[in-house]
2 protein chains.
Amino acid sequence: MPDGANKKTSRIQQRNRHLILDAALDVFSAHGYRGATLDQIAEAAGLSKPNILYYFSGKEEIHVTLLNRLMETWLDPLVEMDETGDPMTELMGYVHRKLDMARDLPRESRLFAGEILQGAPRMHPHLVADLKPLFDQKCAVIQGWVDAGKLAPVDPRHLIFSIWSTTQHYADFDVQVQVLSDNDPMEGARRYLDRLFRQVLSP
Amino acid sequence: MPDGANKKTSRIQQRNRHLILDAALDVFSAHGYRGATLDQIAEAAGLSKPNILYYFSGKEEIHVTLLNRLMETWLDPLVEMDETGDPMTELMGYVHRKLDMARDLPRESRLFAGEILQGAPRMHPHLVADLKPLFDQKCAVIQGWVDAGKLAPVDPRHLIFSIWSTTQHYADFDVQVQVLSDNDPMEGARRYLDRLFRQVLSP
DNA sequence: ACACTTTTTGACCAATTGGTAAAGACACGA
DNA sequence: TCGTGTCTTTACCAATTGGTCAAAAAGTGT
């Protein structure tokens with residue numbers, strides 16, 4: 001019984017759990033929670049449906065597991081923003097890290113976006129318990145930089161919202177971006193966003 | 001047979017069609033295409049499920065009808081941007097119109113976002129046929145303004161992407177915004193976005 | 001080889017869901 | 001009031017889907 005974590009997980013357990021979660025990330029991010037089926041996940045993982053349910057108690061547990069793991073990764077770039085560093089450098093570093101994530105982890109971005117879009121039915125507690133404290137703390141840091149005259153007087157909350165939205169846009173709205181772009185948009189995005197935020201933050 | 005448009009639509013047809021589409025907009029925008037059920041739409045509309053199917057041939061037709069109607073509304077603010085007007089005024093007007101739409105039509109914004117997020121399975125042709133020509137044309141207009149030295153040298157494509165993402169964020173990620181905001185965020189958003197885009201566009 | 005545990009599978013279920021058929025209720029002009 | 005076409009409902013169906021169960025298969029240590 002792999003559900004109980006009393007025994008150390010075997011090699012095969014680790015492998016199959018990873019297979020399932022990776023397949024589920026594909027399917028959930030492409031079709032949303034309701035749109036995804038266990039059969040799709042099973043096929044993508046190369047396992048049978050009952051075998052999937054041997055490792056996870058149900059569809060919801062797979063989804064929740066993905067969401068929980070995602071939260072860490074997602075908050076990490078913001079955590080890295082250092083209060084003692086140079087304000088402009090720290091914030092521009094954050095922008096670039098977020099853009100890198102949109103490029104390298106589009107499935108995760110879309111999974112998150114889908115969950116929020118539908119009212120965060122499974123992640124609302126996480127938002128309140130994990131995201132909000134970190135968000136408030138970092139907003140205070142930015143406000144401190146503003147008050148010290150090291151940044152232009154911008155509202156930290158909306159600044160962060162705009163960093164999130166502009167960067168994640170390239171992952172979440174990828175189809176649209178592709179239709180409207182002639183060549184690879186990421187290099188242009190990097191240049192444009194660098195300029196956008198540098199301008200608004202310059203004191 | 002209301003499907004054939006040979007006879008003029010009766011009073012009751014107009015009313016029920018409108019009821020259904022409004023209910024469907026609620027349900028589809030809240031749960032996505034797969035997550036929405038005809039029963040939910042029927043209940044929200046105050047009609048029976050077979051009665052819904054008397055007015056629309058199926059779930060997909062309702063969704064497609066909503067998407068088609070949405071396209072007009074959605075592109076309208078961009079259409080209004082006038083080549084002969086003052087560049088900064090026109091662009092800032094566009095920003096504010098988009099933000100107004102995020103405030104006043106959040107269901108429409110989420111319906112659109114959900115469709116794009118899942119790869120635009122039903123709207124991809126529309127993107128290519130309707131959105132792209134308009135987008136290219138307006139990009140050319142903005143590029144003209146830039147070349148004339150009336151705007152800072154920004155990439156029009158990424159400029160528009162950033163206007164879309166920052167404004168729609170307040171509708172699509174509303175739950176998150178609400179969790180992280182103390183008071184009503186829209187007034188602050190208006191001030192911040194006005195500053196953000198005015199800064200980056202100033203020559 | 002043997003006993004024991006872990007993993008995998010095939011067969012099966014109950015609930016949900018998109019959709020249909022046909023009869024009934026209703027509106028309205030003659 | 002009657003007849004005709006419009007609208008609505010009741011009863012039903014087939015497919016999908018999340019999930020179960022017992023038995024088979026594959027490991028694993030001795």
Side-chain angles (χ1 to χ4, degrees), chain A residues 1-28 30-67 114 118 121-122, chain B residues 1-28 30-67 114 118 121-122:
Chain A
M1 49 176 76
D3 261 3
N6 40 1
K7 287 288 178 65
K8 55 185 162 188
T9 58
S10 75
R11 208 64 37 79
I12 200 167
Q13 266 184 49
Q14 272 186 288
R15 177 177 57 89
N16 283 352
R17 271 189 194 248
H18 182 270
L19 278 175
I20 293 170
L21 288 175
D22 191 66
L25 180 55
D26 266 358
V27 179
F28 279 132
H31 306 291
Y33 180 74
R34 287 283 311 263
T37 70
L38 284 178
D39 296 275
Q40 284 176 297
I41 297 173
E43 192 191 334
L47 300 173
S48 67
K49 185 168 64 173
N51 205 8
I52 300 269
L53 292 169
Y54 173 73
Y55 292 99
F56 291 90
S57 69
K59 184 182 179 180
E60 178 144 1
E61 199 203 308
I62 302 178
H63 195 242
V64 167
T65 302
L66 281 175
L67 252 27
Q118 312 214 332
R122 279 164 258 279
Chain B
M1 50 176 74
D3 261 3
N6 41 1
K7 287 290 177 63
K8 54 185 163 188
T9 59
S10 74
R11 209 65 35 80
I12 201 166
Q13 265 183 50
Q14 271 185 290
R15 177 176 57 89
N16 282 352
R17 272 227 160 96
H18 182 269
L19 278 175
I20 293 170
L21 287 175
D22 190 68
L25 181 55
D26 265 358
V27 179
F28 279 132
H31 307 291
Y33 179 75
R34 286 284 311 264
T37 70
L38 284 178
D39 296 273
Q40 284 176 295
I41 296 173
E43 192 191 335
L47 299 172
S48 67
K49 183 168 66 173
N51 205 7
I52 300 266
L53 293 169
Y54 174 74
Y55 291 99
F56 292 90
S57 69
K59 183 183 180 180
E60 177 144 2
E61 199 203 307
I62 302 178
H63 195 242
V64 167
T65 302
L66 281 176
L67 252 27
Q118 312 213 332
R122 277 165 261 279

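No hydrogens, no waters, no symmetry mates; every other heavy atom, side chains included, goes into these values. Letters A, B, ... mirror the listed sequences (proteins, then strands); counts begin at 1.
One atom, CG of Leu38(B), and another, P of dA14(D), lie 19 Å apart when rounded to the nearest Å. As rounded to whole Å, 7 Å separates atom P of dT8(D) from atom CZ of Arg15(B). Protein atom NZ of Lys59(A) is 12 Å distant from nucleotide atom C1' of dT16(C), rounded to whole Å. Note: CG (Leu53(B)) to P (dT17(C)) measures 15 Å, nearest angstrom. In this structure, Ile41(A) places its CD1 atom 13 Å from C1' of dG19(D), rounding to the nearest Å. Per the geometry, CZ belonging to Phe28(B) stands 13 Å off C1' belonging to dT17(C), to the nearest Å. In this structure, Ile20(B) atom CD1 and dC7(D) atom P are separated by 11 Å, rounded to whole Å.
For His31(A), there are no ring pair (Phe, Tyr, Trp, His ring centres under 6.0 Å) partners two or more places apart in sequence or in a different chain.
In this structure, the side chains of Tyr33(B) and Gln118(B) stay at 4.5 Å or more apart for every pair of heavy atoms.
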Would you list the atom pairs, donor with acceptor, under 3.5 Å between side chains in residues 39-52 of chain A and any protein atom, with sequence neighbours excluded?
{"residue": "Gln40(A)", "atom": "OE1", "partner": "Thr37(A)", "partner atom": "N", "Å": "3.0"}
{"residue": "Gln40(A)", "atom": "OE1", "partner": "Thr37(A)", "partner atom": "OG1", "Å": "3.3"}
{"residue": "Ser48(A)", "atom": "OG", "partner": "Asn51(A)", "partner atom": "N", "Å": "3.4"}

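In this structure, the nucleotide among dC7(D), dG18(C), dT7(C) sitting nearest to the side chain of Tyr55(B) is dC7(D). Side-chain proximity of Arg34(B) to the nucleotides dG18(C), dG18(D), dT17(D) is greatest for dT17(D).
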All N/O pairs under 3.5 Å across the protein-nucleotides 9-13 of chain D interface:
{"residue": "dT9(D)", "atom": "OP2", "partner": "Ser48(B)", "partner atom": "OG", "Å": "3.1"}

